[in-house]
Amino acid sequence: MSTDRPAAPESVHFIRAIIDQDNRSGKWGGQVVTRFPPEPNGYLHIGHAKSICLNFGLAREYGGRCHLRMDDTNPTKEDVEYVESIQEDVRWLGFDWGEHFYFASDYFGRMFSYAEELILKGKAYVCFQTEEEMRATRGTVTEPGTPSPWRDTAPEDNLRLFRQMCAGELPDGHCTLRAKIHMGHANMKMRDLPMVRIRHAHHHRTGDRFCVYPLYDFAHCLSDSVEGITHSICTLEFENNRELYDWFLDNLDGVHHPQQIEFARLRLSYTVMSKRKLLALVKDGQVSGWDDPRMPTIAGLRRRGVTAESIREFAERIGVAKANSTVSVELFESCIRDDLNSRAPRLLAVARPLKVTLTNWPEGQVEELDAALWPHDVPKEGSRALPFSGSLFIERDDFALTPPKGWHRLAPGGEVRLRHAYIIRCDEVVQDDSGEVVELRCSVDLDTRSGSAAADRKVKGTIHWVSAAHAVPAELRLYSRLFRVEDPDAAESYAEALNPDSLEIVRGAFVEPAAATMPQDARLQFERQGYFWADPKDSKPGALVFNRIISLKDSWAKAQPAAAPAPLLRVTTTHKDKMTGIKTMLSVGKTGSTLHPTYGVPMLVAKIVLENQEVRDYVDGAIWSEPDPAITPAMIVNMVVNELLPAAKGAPLATLSLNPAGLAALVGLVTGGEISTKQAKEVLAECLRGGESPAAVVKRLGLSQLSDDASLKPLVDAVLAEHQDKLIELRAGNVRLLGFLVGQVLKRSGGRANPSRVQALVEEAAARA
RNA sequence: UGGGGCGUCGACAAGUGGUAAGUCAACGGAUUUUGAUUCCGUUUACCGCAGGUUCGAAUCCUGCCGCCCCAACCA
């Protein structure tokens, strides 16, 4: 286990912030109950892993629990095969749902009685429109829909009809139970969505017990509710559904009402994530199955040899937010390498062998080298016996007849070190009739064995090798990215997007003997090649098959101009630099120049006041209430627009506990120098909360502003003394430090220092250099 | 054209009125019997754009631009 490295500090993403807030307010009594609710109609993938890590991780962090729930409301699509694979995958990722394994289908009976409750309340009705009719009458995003002719059926009739549906007296599609909400609702989801449909189908769990099945929106909130979920976390596309989620639970009596929270699902570059496309890859035979090591499925990653730890680390590193974004696959690869680096013992293997004969090695002699399994910076002990002889295989790629510039490997007449062994010199190249190199005849420098006295002779390169007589044959499967384009979803077709070289099967490779005796599930590094492990399905003793989990970084290959293995096609989708600049410049009305005659503010600001009678009355009231000539209408308007309106949070201004005269008084405190604008904000909030007058708040909180230099100077000097370096930087032209220093003085004064005076003093000090 | 969301370095992502975190990538350099790892350092992100408020704005206000989601008896 690679747990000795300090865990990355977890960031407080917005969901953790919500939970922290709930725990402070006691909203759920300190409980955190989450759930992972997959539909058992496909295999889980890395995108689900993000959600699993989030839900189970949160529960673990906060000492709560996370349920695993099969969202099996659609009998025609779901299958037990999937419920098993899902459980296996979640468990493999390292999470435990304990007793809390559920099926939405367990709640069907309760859901239908909730449906009856809604029917009786006149909140649901049985509708006989066909699918097409329903679509046609739903309206569009800009036009309202038209009500169903059955919308006003009496509750008792609806109840009778609904019971007929449930009893199986009606054929598929004959009618549905619909929520009675509003056919003109701006949120399309609220336009009387169907809750229950008729499906005479065999369900993988409830068998033929039901012939009606609830739809997602109705089923999901109730499943969460009956399980006592507190935080129902789902992906962004369900944001529109939240209103419906809340509607159902608000309209049912005495039900628990979880909070739905949406976050951005994972998108990965060079990867497809949709079930449909993944299924197509399997069906079209582009991959060998759901667990093909190139697949982003959990099963595929597992078979490739990726560890659960690296997936969890990845989930933590990408964070959780609401911005729709695409994580570059390099980040995932980095997590995989990082985990394997400290986990995998190092061994030697040759993928494409080239014979090397050591001409001066004693005939038939075999030397057993004691070779360390770990590099110097992995704090682990251990070595294995590595047989060395006069007949070896090296990697074909490690020899070049005409070496390019910067070549560190073997070339005619050149020297390299054989890892853990000797330095050899290539004396002779044997080629066949076609000119292909078939053998190298080399001489070995017998004084240079690793660890021996004279071993420190330096040569440019070190290469891997195996002894021909001891080499164990193996098949290597070299996997790389399935797609060669960054955004395969945007590609026209597979043909164009698929990487033709995503799997290279190398038969005739050789591994050192120790590789055959490692535990079956051990992750290994074949030095200079990558991380591997034995394929769990196909590798057998005597017929070894190793999957490459991930290659090593290769700065040599990357530096070679032509050979760059990286993407051939790049579909760039920078949503930046679109011309937004130009467009806005054309459409913007300049606000700076013209001021509104009575209010003295830019027209655009005045418009806010003018267009809303309520605001206008308030502003005018404030202006006329205060005879103090130091207060201009502009000050009032700015205070109202920029501070009061947002603080009021949409409440009618007339109901505010700060009346126009009070607001004018507040402005007066600022112009009079009693408080700063910053403090004014605080006072405003207090007035709104408690109904006190501004002056009373200032008095109670002791906010009176410090403006005299006599009390300010010592504070400024103290801060400057403490931050000498910052003052120097400020003098050097880093004006941002001005804000920092002023802020420090303000903090020291408990917020009472007059900021503009402080700023002047700091500027003076800086100028005094 | 209605409603719901989202725009901070090449990629993720903190930050919620007082010096724009961190990670990956990239680029240098050191160490290295893996062209790996490790370690150091670098890349001036003026925070979608434009105005406004403020001593001070990524953060507050206004307008605009761009992207995503919603019109399955799928989830």
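Hydrogens, waters and symmetry mates play no part in the numbers below; they use all other heavy atoms, side chains included.
- In this structure, A:Trp374 reaches neither bases nor backbone, as no heavy-atom distance under 4.0 Å exists between it and the strands shown.
- The phosphate of B:rA75 (OP1 or OP2) has a side-chain N or O of A:Thr73 nearer than 4.0 angstrom.
- When the side-chain nitrogen and oxygen atoms of A:Arg265 are compared with OP1 and OP2 of B:rA75, none of them lie within a distance under 4.0 Å.
- Taking atom C1' in both B:rU16 and B:rG28, one finds a spacing of 37 Å when rounded to whole Å.
- Comparing atom distances between the A:Ala321 side chain and each of B:rA71, B:rA14, B:rA75 picks out B:rA14 as nearest.
- Among the protein residues, A:His420 comes within range of the nucleic acid bases, having at least one heavy atom under 4.0 Å from a base atom.
- The shortest distance between the side-chain N/O atoms of A:Ser325 and the OP1/OP2 oxygens of B:rA13 is below 4.0 Å.
- Among the protein residues, A:Phe238 comes within range of the nucleic acid bases, having at least one heavy atom under 4.0 Å from a base atom.
- Considering only side-chain N and O atoms, A:Lys558 lies under 4.0 angstrom from the phosphate OP1 or OP2 of B:rA26.
- Among the protein residues, A:Val196 comes within range of no part of the nucleic acid, since none of its heavy atoms lies under 4.0 Å from any strand.
- Side-chain atoms of A:Ser756 and A:Asn754 include a donor-acceptor pair closer than 3.5 Å.
- Closest approach to the A:Ala323 side chain among B:rC24, B:rG35, B:rA13 is made by B:rA13 (side chain taken as heavy atoms from C-beta onward).
- Using a 4.0 Å heavy-atom distance criterion, A:Arg138 is classed as a sugar-phosphate-only contact.
- Here A:Ser555 reaches the OP1 or OP2 of B:rA36: one of its side-chain N or O atoms lies under 4.0 Å away.
- Within the 6.0 Å centre-distance limit, the rings of A:Tyr422 and A:Phe388 are counted as a close aromatic pair.
- Across all strands shown, A:Leu746 has heavy atoms under 4.0 Å from base atoms, whether or not it also approaches the sugar-phosphate.
- Checking B:rU37, B:rG5, B:rC60 against the side-chain heavy atoms of A:Arg242 singles out B:rG5 as nearest.
- A donor-acceptor contact under 3.5 Å links the side chain of A:Arg409 to the base of B:rG35.
- By the stacking rule of 5.5 Å between ring centres and under 30° between planes, A:Tyr216 does not stack on the base of B:rA75.
- Residue contacts shown for A:Gly451 include a base, since a base heavy atom lies under 4.0 Å away.
- Comparing the P positions of B:rU19 and B:rU37 gives an interatomic distance of 36 Å, to the nearest angstrom.
- Rounded to an integer number of Å, the gap from CG of A:Leu604 to C1' of B:rU62 is 6 Å.
- Expressed to the nearest 0.5 Å, how far CZ of A:Phe740 lies from CG of A:Leu727 amounts to 11.5 Å.
- In this model, no side-chain donor or acceptor of A:Asn240 finds a partner on the base of B:rG5 within 3.5 Å.
- Listed nucleotides B:rA13, B:rG35, B:rG2 differ in distance to A:Met188; the shortest reach to its side chain belongs to B:rG2.
- Here B:rA75 presents its P atom at 20 Å from CD of A:Glu239, a figure rounded to the nearest Å.
- Considering only the side chain of A:Lys189, B:rA75 comes nearest among B:rC73, B:rG5, B:rA75.
- Ring planes of A:His185 and A:His182: perpendicular class, angle over 60° (limits at 30 and 60°).
- Closest to the side chain of A:Arg197, from the set B:rC12, B:rC74, B:rA72, is B:rC74.
- Both thresholds, 5.5 Å between centres and 30° between ring planes, are met by A:His408 relative to the base of B:rG35, so the two rings are stacked.
- Here, B:rC49 and B:rU8 have their P atoms 10 Å apart, quoted to the whole Å.
- Contact annotation: A:Arg178 does not reach the phosphate of B:rC73 (side-chain N/O to OP1 or OP2, under 4.0 Å).
- In this model, the phosphate group of B:rA25 is approached by a side-chain N or O of A:Lys553 to a distance below 4.0 Å at OP1 or OP2.
- Using a 3.5 Å distance cut-off with no hydrogens or angles, the side chains of A:Ser325 and A:Arg267 do not pair a donor with an acceptor.
- Among the protein residues, A:Ser676 comes within range of no part of the nucleic acid, since none of its heavy atoms lies under 4.0 Å from any strand.
- If you check distances only, the side chain of A:Gln525 does reach the base of B:rU34 with a donor-acceptor pair under 3.5 Å.
- Using a 4.0 Å heavy-atom distance criterion, A:Arg346 is classed as a base contact.
- Side chain A:Arg317 to base B:rU23: no donor-acceptor pair is found below 3.5 Å.
- Considering OG of A:Ser551 and CD of A:Glu333, their distance stands at 7.0 Å, rounded to 0.5 Å.
- Within the 4.0 angstrom heavy-atom criterion, base atoms lie near A:Leu552.
- In this structure, the CD atom of A:Gln679 is 21 Å from the P atom of B:rC60, given to the nearest Å.
- Remark: the A:Lys678 side chain and the B:rG18 base include a donor-acceptor N/O pair separated by less than 3.5 Å.
- Backbone-only engagement by A:Pro194 is indicated by non-hydrogen atom pairs under 4.0 Å involving sugar-phosphate atoms exclusively.
- Side-chain atoms of A:Asn642 come within donor-acceptor range of the base of B:rG52, with a qualifying N/O pair under 3.5 Å.
- The nearest heavy atom of RNA chain B to A:His174 and to A:Val641 marks one nucleotide each, and the one closer to the 5' end goes with A:Val641.
- Taking both residues in full, the closest heavy atoms of A:Arg417 and A:Arg457 are given as NH2-O, 4.0 Å, listed atom of the first, atom of the second, then distance.
- Residue A:Val742 has its side chain nearest to B:rG18 when only B:rA71, B:rG18, B:rA36 are considered.
- Counting any heavy atom pair closer than 4.0 Å across all strands shown, A:Glu78 reaches no nucleic acid atom.
- Taking every side-chain heavy atom of A:Ile608 into account, B:rC61 is the closest of B:rC74, B:rC61, B:rG18.
- Which of B:rG35, B:rA25, B:rC73 sits closest to the side chain of A:Trp556 comes down to B:rG35.
- A donor and an acceptor atom, one from each side chain of A:Asp192 and A:Tyr125, are located under 3.5 Å apart.
- Taking the side chain of A:Lys322 as heavy atoms from C-beta on, and the options B:rU34, B:rU62, B:rG5, the nearest nucleotide is B:rG5.
- For the residue pair A:Gln525/A:Glu527, the side-chain donor-acceptor check at 3.5 Å is not satisfied.
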